[in-house]
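Shown next, in structure tokens, is the structure this report addresses.
Here is the naming used below: chain letters follow the sequence lines, and residue numbers restart at 1 for every chain.
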2 protein chains.
Amino acid sequence: MTSKNQSTLAVSTVIFALRPDEASGLMTLWLPLVRRIREPHLGQWALPGGWLPGDEELAAAASRTLRETTGLAPKYLEQLYTFGDLGRSPGNRVVSVVYWALVQSDEAALAAVGENVQWFPADRLPELAFDHNRIVDYALWRLRTKVEYSRIAHAFLGETFTLAQLRDVHEAVLQKPLDPANFRRTVEASGTVVDTGQHLAGARHRPPRLYRYNDSSRLADQGPLGPSIG
Amino acid sequence: MTSKNQSTLAVSTVIFALRPDEASGLMTLWLPLVRRIREPHLGQWALPGGWLPGDEELAAAASRTLRETTGLAPKYLEQLYTFGDLGRSPGNRVVSVVYWALVQSDEAALAAVGENVQWFPADRLPELAFDHNRIVDYALWRLRTKVEYSRIAHAFLGETFTLAQLRDVHEAVLQKPLDPANFRRTVEASGTVVDTGQHLAGARHRPPRLYRYNDSSRLADQGPLGPSIG
DNA sequence: GCAAAAGTGTTGACTTTACACCCATGC
DNA sequence: GCATGGGTGTAAAGTCAACACTTTTGC
């Protein structure tokens, strides 16, 4: 077991959701963490995950462990990186295949929260177990530098959405305001969304159009690797 | 060994070098493959790699296995993706952490070539063992869609180089001709290369300037993860 | 009508692209 | 001189950011 030629394989997931900041009211990124219930790092917060069974696909294992620990089912799931530094865990060396996931805001609200599962704002995290702070930093960087935002934004939203909602998502991820006029033109030109013809009434202003994500436009993303949706 | 909860960990590397195509004389991407000397897939060509020892860093293992099998030492080494599909290997499930590497053209010429190691043009490969064709496709896609070309180009070239050589690299990777005038301006504006003041004489035309790669400009690449150079 | 957000139009700044042209060397 | 690639200049086309302005709803 603790032989020189063995490493243990684990799967972890960084899960992002978008919800309003309690103080400012602005949409910000949050993520759920689980409290360690055994050594090492007992009591500290960590990313949800678990050991990889020999008969389960990597993405399926990521999906399952995060469902078991947090009750969440991701709309978007993609491999992030594999961390395997010798010193990242005391004792036997652990190689972790890490995924990153996005969940819808309303689903995130329903997620199990308790003594051992809690949401934290992505840029104000406590000190996490193992090298998990580093992992979250990298996941945040990937989220923000990802060119293909339409799919990401779609993962945060429902089936239909207004351009203002879509813009909110982009602004929250990029952490800067976007010009509504220019944003509209950019999105329309990209062809990643389709006008449903419907409008959203109720607000005390002109009813905005509802759009739907254009499924036929999701190529040229991961390249030859098909996009994995857990 | 063949327990339900065990997977075997391997490390493989896709190595690229740039060399002139025999027929056209144009620079194209080539990669070395090793012949399988045992089952499964005995006799087929495969990516260099090996099992991961429990006491070796991932990047170090990638570096070592490709040195042992091909004699090459990469100037650029980066993690590509982790492949772990259940059906990718007969028998026990194998999870492979795959790296991609770039080597200098002149060094590639010195590399061991024999019955069991051979170079192939990247876009005309034979049928490889396991899922290695898929892995190479993905590595090629990553190479071509990588925004940060200067470091990549530098990895293919020597310490000093002319802008024409640098342009050759870019043209080979992107597979399209580039305007020499505009290329020059773009590179000079980027600040990734420095004029050495020296010139390269001997050709029967105006002697081109020699440039050097600017080390202080290599940030904002992998983000929070430091670049690994094996 | 008024406020608020949806949605359209326009202009100037900047970037990219195409190509004309001069420069310095070997033969 | 002539051929060859190095290196410079420049104008048209295209892209992007800022912001004025019109439209449609709830109250």
For A/Asp195, salt bridge (Lys or Arg N to Asp or Glu O under 4.0 Å) partners two or more places apart: A/Arg209
Contact list for residues 178-189 of chain B, test salt bridge (charged side-chain N to carboxylate O under 4.0 Å, His left out), sequence neighbours left out: B/Arg184-B/Glu188
Nucleotides 5-18 of chain D: protein proximity per nucleotide (B base, S sugar-phosphate only, - neither; heavy atom, under 4.0 Å): BBSBBB------BB
Listed partners of B/Glu171 passing side-chain hydrogen bond (donor to acceptor under 3.5 Å, both in side chains), at least two apart: none
For A/Asp85, side-chain hydrogen bond (donor to acceptor under 3.5 Å, both in side chains) partners two or more places apart: none
Residue list, side-chain hydrogen bond (donor to acceptor under 3.5 Å, both in side chains) with A/Arg64, at least two apart or on another chain: A/Glu56, A/Glu68
Set of residues satisfying salt bridge (Lys or Arg N to Asp or Glu O under 4.0 Å) with respect to B/Arg88, sequence neighbours excluded: B/Asp131
Pairs flagged by side chain to side chain donor-acceptor pair (under 3.5 Å) wherever residues 111-127 of chain A is involved - sequence neighbours left out: none
Heavy-atom contact window of chain A on DNA chain C, given 5' to 3' at under 4.0 Å: C/dA3 to C/dT10
